[in-house]
Amino acid sequence: MTTIDDKQDIIQYVPFMSFVHPSFWHSLTDMKLNVDKLNENTKQIYGRYSYRDDIISVLEVDGTSFNKDPETEFHYINVTGTLMNKNTIEDFKNIDKAALINSVGEIMRANIQIKSWIDNPNSLLNFFVLSFADLKKFHYYYWFAFPAPSQPVVCLKEKCKNISTCFNEKQIKEISQSYQLLEISQKCFFAIVKDGDLYNVVTLSKILDKNRNKDEESNIDLTNTFFAFADHSNCENPGWPLRIFLAALFEYCPDLSKTIIKVIGIRCSKNGAINNSQIYNITVPETPQNVGWVGWERNERGNFGPKLANMSSSMDPVKLADTSSDLNIKLMKWRLVPDLDVTIMKETKCLLLGAGTLGCHVARDLLAWGFRHITFIDSGKVSYSNPTRQVLYTYQDCLNGGRRKSEAAADNLKLILPTVQSKGLVFHIPMPGHPIGESLKDETVTNIELLTEAIKDHDVIFLLLDTREARWLPTLISAHYGKITINAALGFDSYLVMRHGISSAQEETSINSTFVSGDQLGCYFCNDVTAPGNSLKDRTLDQQCTVSRAGVAAIAGALAVELLVGTLQHPLRVKAPAVYNLTDEELDPKLQGVLGPIPHSIRGFLHSHQTVLPTCTKFKQCIACSEVVIGKYKEEGLDFLMNVFNSGTYLEDVTGLSELQLTAEMTEILTLSDEDQDTTSI
Amino acid sequence: MRRMNCNTITPEEFVYAARDFIELSNKYFDSWTIHQNDNEILNTYIKKEEFVSHRDENDKIFLYRAEYIIFYNLSYGVPSFSFNLWDCSGKLLTLEQVREISLMKISKEDFYSVVTQQEHPVMYRPYFIIHPCHTAKIVSAFRYTSRNLIITFLGLITPLIQLNLPLEYGL
């Protein structure tokens with residue numbers, strides 16, 4: 001006969017794993033905010049575990065755990081537990097965990113001693129949860145404990161056997177049926193007693209007498225009695241509830257330690273059959289002593305430490321708004337444009353000069369495309385005529401003289417998406433040909449600095465102002481710093497949306513090229529001079545008092561953002577080329593970005609519903625972006641700027657435009673005098 | 001006489017199929033439950049919760065809880081399948097994590113074109129939903145030959161989501 005190695009036979013109980021349903025945190029939060037507030041009461045809650053053989057050993061809690069009475073579910077046992085929620089993370093960390101579990105244990109021991117469990121066996125089992133809820137971040141720290149006394153040490157006389165080794169099919173079926181008929185409070189721990197050929201399922205109170213004296217004979221017929229418990233384990237080792245059951249039994253009758261006890265762990269399949277139940281033959285080598293309690297749960301890393309439920313992504317409404325807004329863009333990428341770079345929109349900082357009809361539409365569309373850094377510059381206030389057309393303002397913003405537009409726009413953007421980084425700056429942009437008096441000199445200097453810093457701080461500049469002159473200074477600074485500049489201007493029923501080139505030392509584009517490199521593209525002011533003589537209608541583009549058809553700003557604003565996104569999706573970004581003739585069928589892939597070719601400018605005419613896509617290079621004598629002007633700005637800085645503002649003609653002199661115009665006029669005069677009968681057709 | 005619109009079903013047809021399905025579920029001890037709302041037929045849905053385990057490449061086992069809800073999608077006129085998965089701390093899985101534990105090896109693009117996340121029209125919380133476009137195709141293909149549309153529907157979806165459909169349903 002082989003010697004039995006005692007250590008090998010010691011029962012290894014299968015511990016519970018805690019499983020928290022999200023509704024548990026929702027209910028806890030609700031209680032904390034609305035009921036408990038700062039009170040730190042311990043609270044009685046319910047958990048449950050299943051003795052189904054196909055469900056892993058978990059003790060579950062959910063929103064119903066806080067109910068007065070637990071819900072009941074097939075093949076589940078309800079367990080009473082205690083929740084101790086701490087108000088600070090320090091209290092949570094510093095509380096003495098060993099002392100805590102011992103004090104919980106002592107309460108359980110007291111209950112065992114008064115034997116109330118004989119009538120109410122479910123009350124034997126208990127669990128404990130220590131928690132701390134950070135309700136700002138929706139982080140829940142928690143630690144489960146399943147207290148059991150560390151003694152008695154119990155051994156298995158032999159490996160566990162299937163129930164069919166001691167019971168036949170008919171008996172098993174009968175036991176199963178009788179078990180289902182037991183009252184809920186009796187289902188956790190019970191007994192099976194042999195009576196002739198029959199096996200009866202009985203409650204513990206039938207075989208144990210709570211009034212019995214400890215020293216008396218126990219009267220339990222151990223050969224014909226199986227103790228039984230609802231077993232959550234799915235392997236050869238018994239589940240945790242057995243531990244406390246045996247402790248209670250040995251407390252009831254210490255003499256049991258000299259014998260072999262037979263225990264059945266009931267496990268059922270989903271149709272209720274208990275054929276997978278296991279029989280354990282148990283001995284206790286030593287008399288149990290009064291020692292400490294164990295049962296803190298190990299965390300994911302296998303250590304004795306708390307767990308963290310980070311519920312912010314599903315419970316924090318701000319986070320929900322943020323991730324849901326990003327989802328649209330991700331869907332675009334996953335479903336339609338796999339090469340779409342979605343992070344670049346998030347990272348690009350946009351500066352919007354002007355928070356009027358164009359500014360509001362552009363801001364909304366940027367938000368829809370996933371841009372999250374938006375700064376407005378506008379010196380005006382919201383007026384009563386604004387809200388219907390300027391889509392970021394409401395009636396409230398007009399009251400009491402009107403909120404400052406750029407600030408109202410920035411705030412209202414946050415009402416749409418709380419996580420947007422929006423800001424509003426309030427100052428006036430100085431204009432060429434609008435002289436600065438002495439009294440305004442200091443303020444102007446400050447404004448120029450503010451504008452320069454703002455442009456340097458952002459990646460994209462939108463020119464959405466209401467006059468041509470106001471666009472001059474930002475065009476110059478932006479070109480100098482090489483920023484992407486998108487310009488939009490409105491007429492009554494027409495619009496212009498375009499991207500500017502930048503200051504660059506590169507050679508001019510050759511005449512034979514089919515495209516213009518992005519940095520060589522003309523700016524708003526280049527176009528102004530090189531565009532053909534405009535008819536009277538077109539001249540109404542960008543006048544300060546322009547009144548537009550309602551849809552024009554929406555269309556132009558949307559196109560401005562689409563033009564930007566197209567540019568950003570091209571690897572060359574601001575230098576992305578613009579093709580001269582976009583009707584060409586085969587387009588060299590290098591000439592387009594992921595979303596298609598990026599035009600230089602888009603001119604739309606609502607009257608005829610037509611759009612044209614003119615492309616042109618920088619004008620060597622442009623008053624805003626030519627190297628002459630940028631050079632003067634670099635050399636003379638503020639002095640140069642002040643000269644420009646104070647004189648209507650300074651720029652034209654500097655660029656040599658005055659001379660050019662003179663030459664043009666001269667040519668006209670000469671032409672007319674030679675052919676006075678000719679009429680030039682336009 | 002064939003109906004004009006073969007790729008949609010009425011709410012009543014959905015509820016009928018759902019009730020029939022629940023009977024089968026009870027028979028085979030599958031744990032689907034029906035939540036009926038007689039006042040608002042569109043809020044009737046069937047639900048199942050179960051544990052799902054996943055073994056990763058390091059052979060470590062993770063346990064998740066899955067909740068499946070089949071409801072009637074009014075704008076598409078078909079049954080819709082929605083689900084959520086959470087881990088043992090209650091935290092919801094992301095769509096990417098769901099894709100990783102799915103039984104079928106699917107590319108990101110294919111998976112995301114079928115499964116999306118949105119606010120559930122009946123539960124009013126974020127759920128993953130199988131896009132209804134695909135369901136309409138199934139309905140039109142199997143409308144008259146399937147014994148129970150919901151079983152057919154589930155049979156095609158289950159490999160995607162690791163949902164266990166007991167073989168007995170096929171009988």
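All chains are named by letter (A, B, ...) in the order of the sequence lines, taking the proteins before the strands, and each is independently numbered beginning at 1.
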- Nearest atoms (heavy-atom pairs only) where Tyr28(B) meets Lys270(A): O-CE, 3.9 Å
- Query: Any side-chain heavy atom of Leu63(B) within less than 4.5 Å of one from Phe19(A)?
  - Reply: yes
- Item | Proximity breakdown for Leu336(A) and chain B, heavy-atom pairs closer than 4.5 Å | neither
- Message: Is Phe62(B) in contact with chain A via its backbone, its side chain, both, or neither, using a 4.5 Å heavy-atom distance?
- Response: neither
- Using non-hydrogen atoms only, which part of Asp87(B) is less than 4.5 Å away from chain A: side chain, backbone, both, or neither? backbone
- With a 4.5 angstrom heavy-atom cut-off, could you sort out which part of Ser18(A) is near chain B: side chain, backbone, both or neither? backbone
- Item | Minimum heavy-atom distance between Gly90(B) and Met311(A), given as atom pair plus value | O-CE, 3.1 Å
- Query: Just wondering, are more than 12 heavy atoms of other shown residues or ligands nearer than 6.0 Å to CD1 in Ile184(A)?
  - Reply: no
- Message: At a 4.5 Å cut-off on heavy atoms, which part of Tyr142(A) comes close to chain B: side chain, backbone, both, or neither?
- Response: side chain
- Message: Working to the nearest 0.5 angstrom, can you tell me the gap between Ser50(A) OG and Phe51(B) CZ?
- Response: 8.5 Å
- Query: What part of Glu300(A) gets closer than 4.5 Å to chain B, counting heavy atoms only: side chain, backbone, both or neither?
  - Reply: backbone
- Is chain B contacted by the side chain of Met315(A), its backbone, both, or neither, given a heavy-atom distance below 4.5 Å? neither
- Side chain, backbone, both or neither of Val58(A) within contact of chain B (heavy atoms, under 4.5 Å): side chain
- Message: A quick test of your reading: do over 12 heavy atoms of other residues, nucleotides or ligands sit less than 6.0 Å from NZ of Lys86(A)?
- Response: yes
- Please round to the nearest 0.5 Å and tell me the distance separating atom CD of Glu60(A) and atom CZ of Arg65(B). 5.0 Å
- Does the side chain of Ser314(A) reach to within under 4.5 Å of the side chain of Lys91(B), using non-hydrogen atoms? no
- What residues form a salt bridge (Lys or Arg N to Asp or Glu O under 4.0 Å) with Glu96(B), not counting sequence neighbours? Arg99(B)
- Residues passing the salt bridge (Lys or Arg N to Asp or Glu O under 4.0 Å) test with Lys43(A), sequence neighbours excluded, are Asp36(A)
- Rounding to 0.5 Å, atoms CG (Asn299(A)) and SG (Cys88(B)) come to a distance of 10.0 Å
- Without swapping roles, check the side chain of Trp25(A) against the backbone of Ser89(B) for a donor-acceptor pair under 3.5 Å. yes
- Item | Distance (rounded to the nearest 0.5 Å) between Asn271(A) CG and Lys27(B) NZ | 14.0 Å
